[in-house]
Trainee: 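Sending over a structure as structure tokens; questions will come in a sec.
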Amino acid sequence: QAQLVESGGGLVQPGGSLRLSCAASGFFLDYYPIVWFRQVPGKEREGISCIRASDDSTYYVDSVKGRFTVSKDPAKNSAYLEMRDLKLEDTAVYYCARAETCDGYDDPRRQSKIEVWGKGTQVTVSS
């Protein structure tokens, strides 16, 4: 059974950094695009980054571009989201998901096509 488990969330001050991990089991993570999402209570879940399977190309929405870096380690069957210069508005539950493509990763209408989701990890940015 394919599963994803996020970890690494926590409380951090504005300007701080965190590294989220996304551990896969039941499938080879390197064979699939991995999308990172986040969701604030009362708001729609948004796709913020994607790493492609074929060539490790990465994609970011404007709100995190230049501050977040997505990567993966096939040997550990894991993906990562390195977050720096965190802002109050980055507070959210962060999820990783196994996608079929990075195309439309930031389109909410494409989320219904995703079959494997992690349960999320809370990131709170607060002074």
Side-chain angles (χ1 to χ4, degrees):
Q1 180 182 1
Q3 290 186 326
L4 293 167
V5 178
E6 303 92 341
S7 61
L11 175 64
V12 63
Q13 292 186 338
S17 300
L18 277 177
R19 186 190 195 214
L20 305 184
S21 299
C22 171
S25 60
F27 70 100
F28 290 112
L29 180 142
D30 201 35
Y31 290 177
Y32 295 88
I34 298 296
V35 182
W36 285 93
F37 294 87
R38 67 184 180 186
Q39 187 170 25
V40 176
K43 290 192 175 181
E44 199 170 43
R45 183 167 51 195
E46 62 167 335
I48 60 171
S49 180
C50 186
I51 182 165
R52 217 158 65 174
S54 57
D55 59 2
D56 289 356
S57 293
T58 56
Y59 305 90
Y60 305 93
V61 294
D62 287 345
S63 59
V64 307
K65 197 174 295 181
R67 300 188 299 120
F68 290 13
T69 302
V70 61
S71 63
K72 56 183 177 178
D73 184 345
K76 295 184 178 180
N77 212 28
S78 294
Y80 305 95
L81 186 68
E82 193 84 36
M83 308 185 294
R84 62 178 179 84
D85 190 22
L86 283 161
K87 304 177 180 183
L88 297 176
E89 53 265 37
D90 293 318
T91 295
V93 178
Y94 285 72
Y95 302 87
C96 60
R98 189 184 83 179
E100 297 302 317
T101 177
C102 278
D103 293 345
Y105 74 94
D106 57 344
D107 183 349
R109 295 170 296 180
R110 300 293 294 265
Q111 292 185 25
S112 61
K113 298 183 182 296
I114 292 178
E115 296 182 345
V116 184
W117 292 89
K119 288 182 166 47
T121 185
Q122 175 71 46
V123 172
T124 302
V125 184
S126 175
S127 55

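Computed over heavy atoms, backbone and side chain alike; hydrogens, waters and symmetry mates excluded.
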Trainee: Are the side chains of S7 and T121 in contact, using a 4.5 Å heavy-atom criterion?
Mentor: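 Answer no - side chains too far apart.
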
Trainee: Answer whether the closest heavy-atom distance between the side chains of I34 and L29 falls below 4.5 Å.
Mentor: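 Of all side-chain heavy-atom pairs linking L29 with I34, at least one is under 4.5 Å.
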
Trainee: How long is the gap from CG on L11 to CD on Q122, to the nearest 0.5 Å?
Mentor: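 So the gap between those two atoms works out to 9.5 Å.
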
Trainee: Are M83 and V64 connected in a single hydrophobic cluster, I mean Ile/Leu/Val/Met/Phe/Trp/Tyr linked by side-chain heavy atoms less than 4.5 Å apart?
Mentor: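 Same cluster.
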
Trainee: At what distance, to the nearest 0.5 angstrom, does CG of D103 lie from NZ of K113?
Mentor: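 Answer for the CG-NZ pair, D103 versus K113, is 12.0 Å.
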
Trainee: If the plane angle is over 60° it's perpendicular, under 30° parallel, otherwise tilted; pick one for F27 and Y32.
Mentor: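 Answer is perpendicular, since the angle exceeds 60°.
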
Trainee: Considering all heavy atoms of both residues, which atom of L81 and which atom of I48 are nearest to each other, and what is their separation?
Mentor: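 Between these two residues, the closest heavy atoms are CD2-CD1, 4.0 Å.
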
Trainee: Taking all non-hydrogen atoms of both residues, which atom of G104 and which atom of R110 are closest, and how far apart?
Mentor: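 What the structure gives for the nearest pair is O-CG, 3.4 Å.
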
Trainee: Should the heavy atoms of other residues, nucleotides or ligands under 6.0 Å from CD of E115 be counted, would the total exceed 12?
Mentor: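 Open: at most 12 neighbouring heavy atoms sit under 6.0 Å from CD of E115.
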
Trainee: So which heavy atom on L20 is nearest to which on G9, and how close?
Mentor: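 Closest pair (atom of L20, atom of G9, distance): CD2-N, 3.6 Å.
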
Trainee: If you look at every heavy atom in V12 and G16, which pair is closest and at what distance?
Mentor: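 Looking at all heavy atoms of both residues, the closest pair is CG2-CA, 3.7 Å.
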
Trainee: Please tell me whether F28 and I114 are part of a single hydrophobic cluster in this structure, the criterion being side-chain heavy atoms less than 4.5 Å apart.
Mentor: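 Yes; I114 is reachable from F28 via cluster members.
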
Trainee: Please give me the minimum heavy-atom distance between S126 and L88, naming the atom from each residue.
Mentor: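 Smallest heavy-atom distance, with atoms named: CA-CD2, 4.1 Å.
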
Trainee: Tell me whether the centres of the aromatic rings in W36 and F68 are closer together than 6.0 Å.
Mentor: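 Not under 6.0 Å, so no.
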
Trainee: Looking only at heavy atoms, what is the nearest atom pair of A99 and V35, with distance?
Mentor: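 Smallest interatomic distance, heavy atoms only, reads CB-CG2, 3.7 Å.
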
Trainee: Quick one: do R38 and D90 make a salt bridge, cutoff under 4.0 Å?
Mentor: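 Between D90 and R38 there is a salt bridge, with a charged N closer than 4.0 Å to a carboxylate O.
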
Trainee: What distance do R98 atom CZ and Y31 atom OH have between them, rounded to the nearest 0.5 Å?
Mentor: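 It is 12.5 Å, given to the nearest 0.5 Å.
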
Trainee: Can you name the ring-ring contact (aromatic ring centres under 6.0 Å, His included) partners of Y60, sequence neighbours left out?
Mentor: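 By the ring-ring contact (aromatic ring centres under 6.0 Å, His included) rule, Y60 matches no residue at all.
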
Trainee: Short question: side chain of E6, backbone of G120 - any donor-acceptor pair under 3.5 Å?
Mentor: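 Checking the backbone N and O of G120 against the side chain of E6, a donor-acceptor pair under 3.5 Å is found.
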
Trainee: Measure the CG-CG distance between D30 and D56 for me, rounded to the nearest 0.5 Å.
Mentor: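 Reported value, rounded in 0.5 Å steps: 6.5 Å.
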
Trainee: With side chain to side chain contact (heavy atoms under 4.5 Å, CB included) as the criterion, how do Y95 and L4 come out once you've worked through the C-alpha distance, each side chain's angles and the decisive distance to 0.1 Å?
Mentor: CA-CA 9 Å; Y95 302 87; L4 293 167; over 6 Å; no

Trainee: So, taking the atom named CD in E46 and the one named OH in Y105, what distance separates them when rounded to the nearest 0.5 Å?
Mentor: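 Spacing of CD (E46) from OH (Y105) equals 10.0 Å.
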
Trainee: In the single-linkage hydrophobic clustering (I, L, V, M, F, W, Y; side-chain heavy atoms under 4.5 Å), do V123 and V61 co-cluster?
Mentor: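 V123 clusters together with V61.
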
Trainee: Under 4.5 Å between any side-chain heavy atoms of S21 and S78, yes or no?
Mentor: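 No, side chains not in contact.
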
Trainee: Starting at OG1 of T101, measure out to CZ of R52 and round the result to the nearest 0.5 Å.
Mentor: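 Between atom OG1 of T101 and atom CZ of R52 there are 8.0 Å.
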
